[in-house]
Amino acid sequence: LMQAVLDQIFASFTRELCAASIHQNDLLERITALIELLWSLVSQPDYRVSIAILRNVGRDPTSAVDGDRQMDSWAREVARVWDEIFADVDVQPARSQAARRIVFAALRGLADDINPRNKMNGKQLRDEFSALALATHHLLTTQ
C-alpha cells in the first residue's frame, strides 16, 4: 500500500514538473520560475508525507517499499528537466549539478521547516527564494 501511495505521489509530481513551461529569456527569471514551480511541489503535504515514509521505510530492512527506486527515478527526471531548461547556458556539468542539488536541498529544507509553530510570511519566503535564485545564477554563470 505504501509503495502504491509513493508511486502515485511521485508520478503526479513528475507530470507537473514535465508539463511546466519555463522559457523566460532572462536566466534569473527562468531560475526564479523553476524555484517557484519546485516549491509548489515540495511544499505540498503529499510530498512531505512521501519523504517521511521514505525516511522511515529506509530504517526497516524488512520493508518491501523500494524507496531508492522512487528517489532515483525522480532524480533522473528532475535532472532531465533541469538540463532542458538550462540547455542554452554554457556551464560546466559539475557546476550545473551542484546548482541543481543546492536548489533542491534548500527547497526541501524549507518544506521540512513548515509546521504550525513556524509559519513563514510571504515576504520572508520571497526573500529566501530571491537569495536562492541569485546563488543559483552565480553557479550557472561563473566559471
Evaluation steps, side-chain contact (heavy atoms from CB on, under 4.5 Å), between L37 and L17: CA-CA 8 Å; L37 168 67; L17 182 64; 3.8 Å; yes
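Hydrophobic clustering (side-chain heavy atoms under 4.5 Å, transitive across Ile, Leu, Val, Met, Phe, Trp, Tyr) groups L125 together with I31. One hydrophobic cluster holds both V49 and V42 under the rule that ILVMFWY side chains link at heavy-atom gaps under 4.5 Å.
Rounded to the nearest 0.5 angstrom, S73 OG and D7 CG are separated by 9.0 Å. Atom CD of residue E16 and atom CG of residue L38 lie 11.0 Å apart, to the nearest 0.5 angstrom.
Between K123 and D127 a salt bridge is recorded (basic side-chain N to carboxylate O distance below 4.0 Å).
Residue I22 comes nearest to L34 through the heavy atom pair CD1-CA, 3.6 Å, listed as atom of the first residue, atom of the second, then distance. Annotation for S43 and A111: closest pair CA-CB, 4.3 Å, computed over non-hydrogen atoms.
Every side-chain hydrogen bond (donor to acceptor under 3.5 Å, both in side chains) that E84 has, sequence neighbours left out, goes to R80. Considering only residues two or more places apart in sequence or on other chains, D90 meets the side-chain hydrogen bond (donor to acceptor under 3.5 Å, both in side chains) condition with none of them.
Looking only at side-chain heavy atoms (C-beta outward), L41 and Y47 stay at 4.5 Å or farther from each other. Taking the side chain as every heavy atom from C-beta outward, V5 and S50 never approach each other to under 4.5 Å. Taking 4.5 Å as the limit, every side-chain heavy atom of D83 sits out of range of all side-chain heavy atoms of F86. Counting heavy atoms from C-beta outward, I102 and T136 have side chains that stay 4.5 Å or more apart. For the pair R30/L140, no side-chain contact is recorded, criterion being any heavy-atom separation below 4.5 Å from C-beta on.
Between the S130 side chain and the R126 main chain, no donor and acceptor come within less than 3.5 Å of each other.
Put simply, the residue from V89, L28, L132 that forms a side chain to side chain contact (heavy atoms under 4.5 Å, CB included) with H137 is L28.
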For residues 94-101, tabulate all N or O donor-acceptor pairs below 3.5 Å that involve a side-chain atom, not counting sequence neighbours.
residue, atom, partner, partner atom, Å
R95, NE, L139, O, 3.0
R95, NE, T142, O, 2.6
R95, NH2, T142, O, 3.1
S96, OG, W82, NE1, 2.9

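The neighbour count for N25 CG, taken as heavy atoms of other residues, nucleotides or ligands under 6.0 Å away, does not exceed 12.
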